[in-house]
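This report concerns only the one structure given below.
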Number of protein chains: 2
Amino acid sequence: MAVLETTKTRAKAPAKRAPKQLSVELPLGQILDGDCVEAMRQIPSASIDLVFADPPYNLQLGGDLNRPDGSHVDAVTDDWDKFDTFKAYDDFTRDWLIEAKRILKPDGALWVIGSYHNIYRVGAILQDLGFWILNDIVWRKSNPMPNFRGTRFTNAHETLLWCSQGEKAKYHFNYRAMKTLNDELQMRSDWVLPICNGAERLKEGGHKVHPTQKPESLLYRVLLSTTEKGDVVLDPFFGTGTTGAVAKRLGREWIGCEREGVYRDAALKRIEKELPLDESALTTMQAGRSAPKVAFGALVENGYIAPGTRLFDKKRRWTATVRADGSLAYEKQTGSIHGLGKELQGAPSCNGWTFWHYENGGEVKPIDAARQLYLLAVED
Amino acid sequence: MAVLETTKTRAKAPAKRAPKQLSVELPLGQILDGDCVEAMRQIPSASIDLVFADPPYNLQLGGDLNRPDGSHVDAVTDDWDKFDTFKAYDDFTRDWLIEAKRILKPDGALWVIGSYHNIYRVGAILQDLGFWILNDIVWRKSNPMPNFRGTRFTNAHETLLWCSQGEKAKYHFNYRAMKTLNDELQMRSDWVLPICNGAERLKEGGHKVHPTQKPESLLYRVLLSTTEKGDVVLDPFFGTGTTGAVAKRLGREWIGCEREGVYRDAALKRIEKELPLDESALTTMQAGRSAPKVAFGALVENGYIAPGTRLFDKKRRWTATVRADGSLAYEKQTGSIHGLGKELQGAPSCNGWTFWHYENGGEVKPIDAARQLYLLAVED
DNA sequence: CTATCGACTGAATCTGGAT
DNA sequence: TATCCAGATTCAGTCGATA
């Protein structure tokens, strides 16, 4: 058993919310054998940063399914995916969600993935348990299996739910990292990713080891968006360990629960081979991630904006003067770049970085341009 | 009140399932005043082909929200979207779903649209009531409102559930029309459509009449995919009548329920102005809609494949002869293009159109190529 | 007449730390 | 718990005015 210091410095996690210097033993980098509810009972309360769950889908497939060319579709018919009634599936779902909620930190988060067969039940139950849905994410499959019989729309997506511990609970979202990943546009709730096949798909003797292996790109985005380096991620339905593999690569700690020995063996072998990204790659992500909190005063201190500089709004309705401490003065009013802009406009809020402009070499630029220059210099 | 003959000839509806020559009075082309559950009680059982419902989402919004430029976001704050608890919302949902199920024909279908705030509750409840989810459809908005605070993923989609009356119930799906609409690819479960704005958005004195008016393109696809001309469509949350307008355009009958007089008035005015597509346009759709069950015999009859032509599989394991009635002969075996292909391969099924090939001008082509030529000629 | 620019808007569960 | 205040934050599209 590894020993984990659960208290970490995290941007949005105030010290009062985190357990104080509580050393707890967590089975990091291990796959717990047996039923996931039993396994999770071994985990201390409020010790996990993220739970990612890919529970059985409760697929109610009828007879065999064949493609138009006669070949057989290898459907999910494993015993672990059989539930007699909605009631049985609901009970099962409630049980594991209750344990997941207990082991999560107050600012931890839950992800669940499912299809229309089960996700509506899972979603309603987790809301009943107090989880607060932050987004539902659509994984739009770029290469889904067609509907061979032409009886319905091609089932081309699956759904993920991202939840905090409750309505008022804190949570972590790496907004910048996601925006960067999406070519400087906000990341949307629909993600286009291919299904897991090719070299990534684990096979044994020509057959896929697990019927519903998830693509690593999916876990990559989940972990990058809602965890920090060093966070502990638990997957109650570990399967062949996609969560563990990506966690290891991204420098996150992981714990799995899995009943099937075949899956556990395959997962351990797979994760063993996985190499963590080196520090520099992770740091680059970190830089993209953390908010560039620059005080305007820092620009003045460092000579990017000289005291006495005249700042004005786009329409030059107001012209203010920069003071040595980084505050602005307009007639008798003074304040921060944000506060003064807000006052003058009578607006509920104002982003001073884009509101105020200055002249530089005959060019008019928002002061945000100076901030960018400063950031570039500081990051080197 | 109009009088409707509920028995119609419909491809997949066997006579035994439809009520026998039962004449019932339905308020076609009318908006029923008042609560939708009360209103639906006036509708006879098993008389409606399709229910499309856009219920309140129970958004549970907090305080005000401003855009980064300081402008105010006009949120949905109407009373009709306010529920005290999940329990209250669930009760409301169960009530209208029970009535919807009663008035639907045995082979009728239900569509519901919602967001993550409500759709998981709606989905679980309709499953509990025996509705059978056929697909969940993701409406991916091409122009959603951004997440102004950078706190979550852009909420860029809404979800629709398409359900039959039960696991074994029949339903209608215009596979061909959807495939045609999607450039000859199977229509997928994710639809990219813009939100409703511009000239389509109903306004009164510069303000939107309804806060959540749905785009007509969405209803167009719903009605075209799962109803026939002349079907009766009921919308329990009629609002400003998008369902009615599109139904009228597509030659479907419609019934609405709506409590708010302002919405009712706007809807009636709007639908009044709507013009039905003329018969020829609808017939063209009809042609696209019904399965292109081109009998292989028709190709033979019309000279696209001559009797006596030798057909063979790709690997030329078998070579069969086309007979005058469109059947094939291989040694002592005969059968349809599909049946014989299946027999020879010992496969559970076979698509004869792609299995069998013929030579034409030195080129080897699947007989599906001949079918395409035939379809092109017939459609003119 | 066209091109450009600015204002406006859409089902949104939309901050956080210090006092 | 309530209040205050510093700081951070938007995409696609329509429409009308201006050049």
Side-chain angles (χ1 to χ4, degrees), chain A residues 11-17 107 127 132-136 163-164 166-168 170-171 173 175-176 179 182-189 291-297 314-315 326-327 335-343 348-355 368 371, chain B residues 54-78 80-83 86 113-119 139 141-159 194-201 203 206-208 210-215 237 239:
Chain A
K12 293 187 183 176
K16 60 175 176 178
R17 297 191 70 94
D107 60 346
Q127 284 183 314
W132 193 248
I133 300 178
L134 298 165
N135 276 118
D136 59 345
C163 314
S164 70
E167 181 175 359
K168 305 291 180 194
K170 295 197 187 312
Y171 58 91
F173 181 52
Y175 177 75
R176 279 302 319 166
K179 192 164 174 176
N182 197 37
D183 201 18
E184 287 307 308
L185 286 179
Q186 283 191 343
M187 186 68 80
R188 299 168 39 117
S189 56
K293 280 201 187 175
V294 178
F296 180 67
K314 221 170 186 178
K315 295 187 181 168
S327 65
S336 69
I337 54 171
H338 311 295
L340 186 62
K342 177 179 138 180
E343 290 290 318
S349 68
C350 169
N351 180 350
W353 293 108
T354 54
F355 178 73
D368 195 46
R371 179 170 63 158
Chain B
D54 181 12
Y57 287 7
N58 189 24
L59 287 183
Q60 307 167 75
L61 299 179
D64 277 4
L65 179 64
N66 295 305
R67 297 185 179 79
D69 66 3
S71 65
H72 183 252
V73 175
D74 185 16
V76 178
T77 51
D78 306 68
W80 51 252
D81 198 46
K82 297 232 189 309
F83 295 84
F86 278 136
I113 182 167
S115 66
Y116 67 85
H117 310 84
N118 71 322
I119 200 66
W139 167 26
K141 301 179 186 184
S142 54
N143 48 352
M145 196 192 297
N147 182 292
F148 297 117
R149 305 302 292 268
T151 56
R152 303 182 182 187
F153 298 96
T154 306
N155 191 9
H157 73 276
E158 295 188 21
T159 303
I195 60 176
C196 177
N197 57 14
E200 188 187 324
R201 187 92 196 198
K203 293 195 176 168
H207 293 90
K208 53 190 177 191
H210 195 284
T212 69
Q213 187 182 337
K214 293 293 174 289
F237 308 96

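Here is the naming used below: chain letters follow the sequence lines, and residue numbers restart at 1 for every chain.
Of the C1' atoms belonging to dT13(C) and dC5(D), the separation is 25 Å, rounded to the nearest Å. If you take atom P in dA12(C) and the same atom in dA8(D), they sit 26 Å apart, rounded to whole Å. Taking atom P on both nucleotides, dA11(C) is separated from dT9(D) by 25 Å, rounded to a whole Å. Of the P atoms belonging to dG10(C) and dG7(D), the separation is 32 Å, rounded to the nearest Å.
Using a 4.0 Å heavy-atom distance criterion, Gly339(A) is classed as making no nucleic acid contact. Across all strands, Asn155(B) comes closer than 4.0 Å only to sugar-phosphate atoms, never to a base (heavy-atom distances). No contact: Thr154(B) has no heavy atom under 4.0 Å from any strand.
When rounded to the nearest whole Å, the span between CG of Asp64(B) and P of dT15(C) equals 11 Å. Taking atom CD of Gln186(A) as the reference point, atom P of dA8(D) lies 17 Å away to the nearest angstrom. If you take CZ of Arg176(A) and C1' of dA8(D), they are 12 Å apart, rounded to a whole angstrom. Going from atom CG of Leu65(B) over to atom P of dA8(D) covers 18 Å, rounded to whole Å. As a whole-Å value, the separation of Leu134(A) CG from dA12(C) P is 17 Å. The distance between atom CZ of Phe173(A) and atom P of dT9(D), rounded to the nearest whole Å, is 12 Å. Whole-Å rounding puts the Arg188(A) CZ to dA12(D) C1' distance at 10 Å. Spacing between atom NE2 of His338(A) and atom P of dT9(D) amounts to 10 Å, rounded to whole angstrom units.
Contact of Arg152(B) with dT13(C) (side chain to base): a donor-acceptor pair of N or O atoms is detected under 3.5 Å.
Taking 4.0 angstrom as the limit, Trp353(A) places a side-chain polar atom (N or O) nearer than this to OP1 or OP2 of dA8(D). The shortest distance between the side-chain N/O atoms of Lys170(A) and the OP1/OP2 oxygens of dT15(C) is not below 4.0 Å. The shortest distance between the side-chain N/O atoms of Tyr116(B) and the OP1/OP2 oxygens of dT13(C) is below 4.0 Å. An OP1 or OP2 oxygen of dT13(C) is reached within less than 4.0 angstrom by no side-chain nitrogen or oxygen of Tyr171(A).
Side-chain atoms of Asn143(B) come within 3.5 Å of backbone atoms of Ile195(B) as a donor-acceptor pair (strictly under, hydrogens ignored).
Residues Ile113(B) and Phe237(B) have side chains not in contact (no heavy-atom distance under 4.5 Å, counting atoms from C-beta outward). Contact check for Ile337(A) versus Trp353(A): side-chain heavy atoms found under the 4.5 Å cut-off.
Here CD of Gln186(A) is found 3.5 Å from OH of Tyr175(A). Values are rounded to the nearest 0.5 Å.
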### Message
Under the criterion side chain to side chain contact (heavy atoms under 4.5 Å, CB included), I'd like the reasoning laid out for Asp107(A) against Tyr171(A): C-alpha separation, chi angles, the key distance, then a yes or no.
### Response
CA-CA 5 Å; Asp107(A) 60 346; Tyr171(A) 58 91; over 6 Å; no

### Task
Evaluate the side chain to side chain contact (heavy atoms under 4.5 Å, CB included) criterion for residues Gln213(B) and Arg201(B): first the C-alpha distance (whole Å), next the side-chain angles of each, then the deciding distance (0.1 Å), finally the verdict.
CA-CA 7 Å; Gln213(B) 187 182 337; Arg201(B) 187 92 196 198; 4.0 Å; yes

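Between His157(B) and Asp136(A), the side chains place a donor N or O and an acceptor N or O closer than 3.5 Å (distance only, hydrogens not considered). No hydrogens or angles considered: nothing links the side chains of Tyr116(B) and Glu158(B) as a donor-acceptor pair under 3.5 Å. A donor atom on one side chain and an acceptor atom on the other are found under 3.5 Å apart for His117(B) and Ser115(B).
Nearest to the side chain of Thr151(B), among dA12(C), dG17(C), dT15(C), sits dT15(C). Checking dC11(D), dT13(C), dT10(D) against the side-chain heavy atoms of Leu185(A) singles out dC11(D) as nearest. For Ile133(A), counting side-chain heavy atoms from C-beta on, the closest listed nucleotide (dG7(D), dT13(C), dT10(D)) is dT13(C).
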Dump every N/O contact between nucleotides 7-11 of chain C and the protein below 3.5 Å, one line per pair.
unit_1  : atom_1 : unit_2    : atom_2 : d
dA7(C)  : OP1    : Lys315(A) : NZ     : 2.4
dG10(C) : OP2    : Lys208(B) : NZ     : 2.8
dG10(C) : O5'    : Lys208(B) : NZ     : 3.2
dG10(C) : N7     : Arg67(B)  : NH2    : 2.5
dG10(C) : O6     : Arg67(B)  : NE     : 3.0
dG10(C) : N2     : Pro144(B) : O      : 3.2
dA11(C) : OP2    : Arg201(B) : NH1    : 2.7
dA11(C) : OP2    : Arg201(B) : NH2    : 3.3
dA11(C) : OP2    : Pro211(B) : O      : 3.2
dA11(C) : N7     : Lys214(B) : NZ     : 3.2
dA11(C) : N6     : Pro55(B)  : O      : 3.1
dA11(C) : N1     : Tyr57(B)  : N      : 3.1

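For dT15(C), the O4'-C1' to base torsion is more than 90° from 0; the nucleotide is therefore anti.
In this view, Phe153(B) and Trp162(A), Phe173(A), Trp191(A) satisfy the ring pair (Phe, Tyr, Trp, His ring centres under 6.0 Å) rule, not counting sequence neighbours.
Figure legend: cation-pi geometry between Lys82(B) and Trp80(B) absent, as NZ or CZ is not positioned both under 6.0 Å from the six-membered ring centre and within 45° of its axis.
In terms of position on DNA chain D, the residue among Pro68(B) and Arg149(B) whose nearest nucleotide sits closer to the 5' end is Arg149(B).
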### Summary
Secondary structure of DNA chain D per the Watson-Crick/G-U criterion (both distances under 3.5 Å; [ ] crossing, | other strand, . unpaired) is .|||||....|||||||||

